[in-house]
Chemist: 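Sharing a structure here in structure tokens format.
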Amino acid sequence: MPPDEKPTVSLPRNQFIALVIGVCVLSAAIGSGLALLAQTGPEGPAGKQGPRGHVGKQGPAGPAGESAGEELGELEAEVEELRGAVEESAGEESPEVGELEERIESLEEEVEGFSGLAQELCGEGSIIC
């Protein structure tokens with residue numbers, strides 16, 4: 001039997017531990033990179049659209065012959081008319097001017113309410129906008 005042979009490659013214990021940890025970190029980085037690449041790959045073709053869902057019952061009818069667009073147009077016209085009246089009497093200080101300004105503010109709030117409702121309905125996709 002030959003006497004104890006000294007290994008040709010020797011590593012101190014601390015370097016061996018560092019080498020094992022480095023290999024683990026490198027393999028984890030490669031795996032994460034591949035997973036990220038797989039997640040952000042090109043999008044595949046879109047599938048066939050499914051059948052149309054159940055159509056609900058018809059809701060209550062609004063005022064006859066008047067749509068929200070017509071009502072909104074009327075409110076905007078009234079706001080413009082009142083603004084014109086306020087501008088004409090801008091130099092005068094009368095209670096009528098204060099009333100007109102209050103009416104303009106209330107009409108603007110109504111118009112904003114209709115606009116918000118219209119945007120909400122358009123966002124749901126249930127109404128063609």
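Throughout, residue positions are numbered sequentially from 1 according to the sequence presented.
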Chemist: So, taking the atom named CD in E108 and the one named CZ in R103, what distance separates them when rounded to the nearest 0.5 Å?
Modeler: 11.5 Å

Chemist: Testing the basics here: between S27 and C24, what is the closest heavy-atom pair and its distance to 0.1 Å?
Modeler: OG-O, 2.9 Å

Chemist: Against L107, only a single residue in E102, E80, E78 fulfils side-chain contact (heavy atoms from CB on, under 4.5 Å); can you say which?
Modeler: E78

Chemist: Verify the cluster assignment for V20 and V25: are they in a single hydrophobic cluster under the rule of side-chain heavy atoms below 4.5 Å apart?
Modeler: no

Chemist: Are L26 and L34 linked, directly or through intermediate hydrophobic residues, by side-chain heavy-atom contacts shorter than 4.5 Å (ILVMFWY only)?
Modeler: yes

Chemist: Answer yes or no: is there a donor N or O on one side and an acceptor on the other, between the side chain of S32 and the main chain of A29, under 3.5 Å?
Modeler: no

